[in-house]
J.: 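One structure, pasted below without further comment.
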Amino acid sequence: MHRFYLASGTFAEKLVVFPETLVHQIRNVLRMRPGEEVIVFDGTGREYLITLQEVSRQVVEGEITKVYQGRGEPSLGISLFQALLKRDNFEWALQKGTEVGIANFTPILTARVIAESRGESKRERWQRTIIEAAEQSGRCLIPHLNPVKVLEAVTADRSSFDLPLFLHTGVSSRPLREALERWGSEHPGVMPHTALMVGPEGGFTEEEAHLASAQGWIEVSLGNTILRAETAGTVAAANLIYHFSRY
Ligand code: SAH
């Protein structure tokens, strides 16, 4: 069933009047008709089953027939700190990260982020990408998008996380599985609030890796192959969710 995000407070208790941007999509793109059902989620975890009542060129509205708690969230809270990437690759990381269940994204500036990728100018597009991916993938919360931060500010803030993981291809990295098993043996049955730090196309410098590990970040490797920067966060998040799903 088609799902749409409408921020909580933007619609009434019984009736949803869809905003202009969705009128065209519902009527002309999806060609929906009165009597058909859609789902709306409001970003608080609630979902609403809606029966469309009017679908005209000016107005699309429907009646709320059911309100319930959405189920599209992983039980593990993962924050992804992703170095800025060129072209559309940062958006790709946001889209796939949202699908897999990441709760929180922070773009970061690191030594090897190339000039072309810098700046916040794409923020609106990033936000749109996250919302569309959340609609498509059945999320019932919209992942949070933080402002751009510099790497050093993030590594210094290690105490916000139970398990801060620094993804690095260097020799001092231990396998991700080992880090997760160690956490499990030291904190049996506890789901960690986890951070993933992923570098830009050229990776992190050794100085950055040293700084992060001196501040308590755990250097981990995802295996013997080198993944593209935009792939690494999603692969790590999928592994974490799989690992902790047995708790
Ligand atoms: N030439 C770079 C490759 C960077 S890949 C280097 O050797 O470091 C871009 C980013 O993706 C890396 O900074 C890291 O955060 C992540 N990444 C890619 N493959 C990885 C792997 N096998 N293990 C851990 N992190 C990886």
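Residues: numbered from 1 along the sequence shown. Just follow the structure's listing: the first ligand is 1, and inside any ligand the first atom is 1. Small disclaimer: the values here were computed from a predicted structure and weren't measured.
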J.: Going by an N to O cut-off under 4.0 Å, is there a salt bridge joining R182 and E178?
T.: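 Here R182 does not pair with E178 in a salt bridge, since their nearest N and O are not under 4.0 Å apart.
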J.: Heavy atoms only: give me the nearest F11-L6 pair and the separation to one decimal.
T.: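 For F11 and L6, the tightest heavy-atom pair comes out as CE2-O, 3.6 Å.
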J.: Taking any residue with a non-hydrogen atom under 4.0 angstrom from an atom of ligand 1, which ones do you get?
T.: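 L167, H168, T169, V198, G199, P200, E201, G202, G203, F204, V220, S221, L222, G223, T225, I226, L227, A229, A232.
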J.: Quick check: closest heavy atoms across L94 and T98, and the distance to 0.1 Å?
T.: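 So the two residues come closest at O-OG1, 2.7 Å.
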J.: Salt bridge or not for D88 and R125, using N-O below 4.0 Å?
T.: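 Yes, D88 and R125 are salt-bridged.
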J.: Between E99 and K96, is there a side-chain N and carboxylate O pair less than 4.0 Å apart?
T.: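 Between K96 and E99 there is a salt bridge, with a charged N closer than 4.0 Å to a carboxylate O.
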J.: Heavy atoms only: give me the nearest R158-G216 pair and the separation to one decimal.
T.: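 Of all heavy-atom pairs spanning R158 and G216, the closest is NE-O, 3.6 Å.
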